[in-house]
Number of protein chains: 2
Amino acid sequence: MLKYQQIAAEIEKYIEDNALQQGDKLPVLETLMAQFEVSKSTITKSLDLLEKKGVVFQVRGSGIFVRRHKRKGYISLLSNQGFKENLEDFNITSEVIELEVRKPTKEVALALNIELNEDVYYIKRVRYINGQTLCLEESFYNKSIITYLNKEIASESIFYYIREGLGLKVGFSDMYLHVDKLNEEEAKYLGLKKGEPKLYVETLFHLTNGQPFDFSKVTYNYEQSQFFIQTNSQFL
Amino acid sequence: MLKYQQIAAEIEKYIEDNALQQGDKLPVLETLMAQFEVSKSTITKSLDLLEKKGVVFQVRGSGIFVRRHKRKGYISLLSNQGFKENLEDFNITSEVIELEVRKPTKEVALALNIELNEDVYYIKRVRYINGQTLCLEESFYNKSIITYLNKEIASESIFYYIREGLGLKVGFSDMYLHVDKLNEEEAKYLGLKKGEPKLYVETLFHLTNGQPFDFSKVTYNYEQSQFFIQTNSQFL
DNA sequence: TAGTGGTCTAGACCACTAT
DNA sequence: TAGTGGTCTAGACCACTAG
């Protein structure tokens, strides 16, 4: 683990262990430099990382402060991976409805940047949170990257398997979302009624090298899904 | 403007002007260092900024590549400001329903971190996109920070006024969102029917120094609102 | 193994905040 | 004006990718 990641982790743990609240001040840069015995740039890099994660905010001329949000029970939309890891506080389970190798539709081929005659893993799951239906998920994995999948893996965390089992590095993703009304099939799987609201999210996941490997379409149960996003003012 | 911001802007403009596509390779670091006559750290900082903005992605050992998403007409959820600036391609207008100074509710006082006897500006607007209703917005501004507002400002971009008129620096924000059914009043303002879907978003905006200054509640017209989020793998 | 991006340092100087 | 975070440099060395 790199120095700046290690230091970031320690600072985060310190905030957690001491239950620091929004606005609480952290030691000044010079102190942190001395404490961790690193240069200013390294500490700065650690703090920038924590700032991106929404853990602290830095104010020039003033100090470094803890950033916290108040509401619990919200799912972070930005954690670029399955929920399994994101929602450790919750009890997430999956029921695999379907898993097979098939040829992509035009839409899927375009998203995954593959030919129509290449193979994809198609997985359809219903995911549960604390026993309630959370969402219906259909995923398409590029089989030339995700070379093997089975029901056992799919009923656990696929992303964990991708990273630890296959040794792949998940990079960035593009999410498209809108609100609509449930159709008959979606309503059935989620235990709701046709015409009730849904949040519909399509996500294209890429490896760190830019290759798209997973295109997924998720329909959320509106009764169970509260989402949370932390924004930084990185856009001028 | 700082060097690294200037360089980032120039690189972004270069990508735009040459209509570069996802995966197109940019010059290597050494070339960029020479071209802009700056040190490696500065170029790196520019590229990190562009990476945060979702404009490029960097692959160690390989190169720097353009990142693009394919879909047009989606509103970015992460642009931490009004839409006015975010959606220059669209025609966004606002109708101010109500604007007054009032005392906060407990909920608002808690969010804005003020006392119940302090003043807030309350603004209720309907926003339109290309002539259709986009959303119903209720905002509460801490009056000790946003000292003055009027209908004219509120019918244009309030955030532009906050930055340029008041000289304040907008920092981070926390967004909470869920899907639900429209109530009678919301349906009326949006021109929809009671019980139809809505996306409901509460956002708490802070200045760069961490002070919350705006708590807003927005109900979106599900027919008009498609959202877009770019994620980076900053979370391990 | 050559090429490319990433980490880390030590230090100078700058810009903003608080008093 | 003292204190604090931000920018920028020059350079050494490291880690990953691709041919």
Side-chain angles (χ1 to χ4, degrees), chain A residues 1-9 11 23-52 56-67 145 163 167-172 206-211 232-234 236, chain B residues 1-9 11 23-52 56-67 145 163 167-172 206-211 232-234 236:
Chain A
M1 199 179 207
L2 296 165
K3 267 193 192 177
Y4 81 93
Q5 293 175 329
Q6 182 62 42
I7 292 169
I11 293 174
D24 286 355
K25 197 167 185 294
L26 292 177
V28 300
L29 277 182
E30 203 169 352
T31 308
L32 293 170
M33 284 168 66
Q35 184 178 331
F36 291 105
E37 296 180 295
V38 292
S39 71
K40 190 173 179 180
S41 321
T42 302
I43 278 292
T44 296
K45 191 146 198 204
S46 301
L47 292 167
D48 287 349
L49 179 61
L50 291 176
E51 191 158 46
K52 272 207 284 187
V56 305
F57 61 95
Q58 302 174 75
V59 186
R60 193 204 288 243
S62 181
I64 303 150
F65 304 91
V66 173
R67 177 173 176 195
I145 299 173
R163 279 202 306 280
L168 297 172
K169 276 171 287 181
V170 176
F172 55 92
H206 305 74
L207 299 178
T208 47
N209 69 6
Q211 274 192 294
N232 293 311
S233 71
Q234 54 206 244
L236 288 193
Chain B
M1 201 180 207
L2 296 165
K3 267 192 193 177
Y4 81 92
Q5 293 174 329
Q6 182 62 41
I7 292 169
I11 294 175
D24 285 355
K25 197 166 185 294
L26 292 177
V28 301
L29 278 181
E30 204 170 350
T31 309
L32 293 170
M33 284 168 66
Q35 183 177 333
F36 292 105
E37 295 180 295
V38 293
S39 70
K40 189 172 178 178
S41 320
T42 302
I43 279 290
T44 296
K45 192 145 197 203
S46 301
L47 291 168
D48 287 349
L49 179 60
L50 291 176
E51 191 157 47
K52 271 207 286 189
V56 305
F57 62 95
Q58 300 174 77
V59 185
R60 190 199 299 237
S62 180
I64 304 151
F65 304 91
V66 173
R67 177 173 175 195
I145 299 173
R163 280 202 307 277
L168 297 172
K169 275 168 288 181
V170 177
F172 55 92
H206 305 74
L207 299 178
T208 47
N209 69 7
Q211 276 191 294
N232 293 311
S233 70
Q234 54 206 244
L236 286 194

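Values below: all heavy atoms of this structure, side chains included; hydrogens, waters and symmetry mates excluded. Chain letters run A, B, ... following the sequence lines, proteins first and then strands; every chain starts at 1.
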[atom2] on [Y] to [atom1] on [X], rounded to 0.5 Å:
X        : Y        : atom1 : atom2 : result
A:Ile145 : A:Asn209 : CD1   : CG    : 7.5 Å
B:Gln6   : B:Ile11  : CD    : CD1   : 10.5 Å
A:Asn232 : A:Phe57  : CG    : CZ    : 11.0 Å
B:Ile64  : B:Ile43  : CD1   : CD1   : 8.0 Å

Closest-nucleotide ordering on DNA chain C, the 5'-leading residue of A:Glu37 and B:Arg60: B:Arg60
Earlier contact from the 5' end, DNA chain C, for A:Val38 and B:Gly61: B:Gly61
At 4.0 Å (heavy atoms only), tell me whether [X] reaches a base, stays on the sugar-phosphate, or touches nothing.
X       : value
A:Lys40 : base
B:Ile64 : sugar-phosphate
A:Lys25 : nothing

Exceeds 12 heavy-atom contacts within 6.0 angstrom, atom CD of B:Glu30: no
Gap between atoms CZ and P, on B:Phe65 and D:dC16 respectively (whole Å):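 After rounding, the reported distance stands at 17 Å.
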Qualifying residues under side chain to side chain contact (heavy atoms under 4.5 Å, CB included), relative to A:Thr42, sequence neighbours excluded: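 By the side chain to side chain contact (heavy atoms under 4.5 Å, CB included) rule, A:Thr42 matches A:Lys3, A:Tyr4, A:Ile7, A:Val38, A:Ser39.
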For chain B, the stretch of DNA chain C it reaches, first to last nucleotide, under 4.0 Å of its heavy atoms: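 Going 5' to 3' along DNA chain C, contacts run C:dG3 to C:dT17.
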Comparing A:Leu2 and A:Glu51 on DNA chain D - which has the more 5′ nearest nucleotide: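 The residue whose closest nucleotide sits nearer the 5' end is A:Glu51.
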Residue whose closest nucleotide on DNA chain D lies nearer the 5' end, A:Val59 versus A:Lys169: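 Going by which nucleotide is closer to the 5' end, it is A:Val59.
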Sidechain-backbone polar pair: B:Glu51 side chain, B:Gln58 backbone, donor-acceptor under 3.5 Å: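 Confirmed, B:Glu51 side chain pairs with B:Gln58 backbone.
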Donor-acceptor contact below 3.5 Å, side chain B:His206 vs main chain B:Gly171: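 A pair under 3.5 Å: no.
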Duplex segments of DNA chain C, taken as runs of at least three Watson-Crick or G-U pairs that stay under 3.5 Å: C:1-18 with D:1-18
Any side-chain heavy-atom pair of B:Leu47 and B:Thr44 under 4.5 Å: no
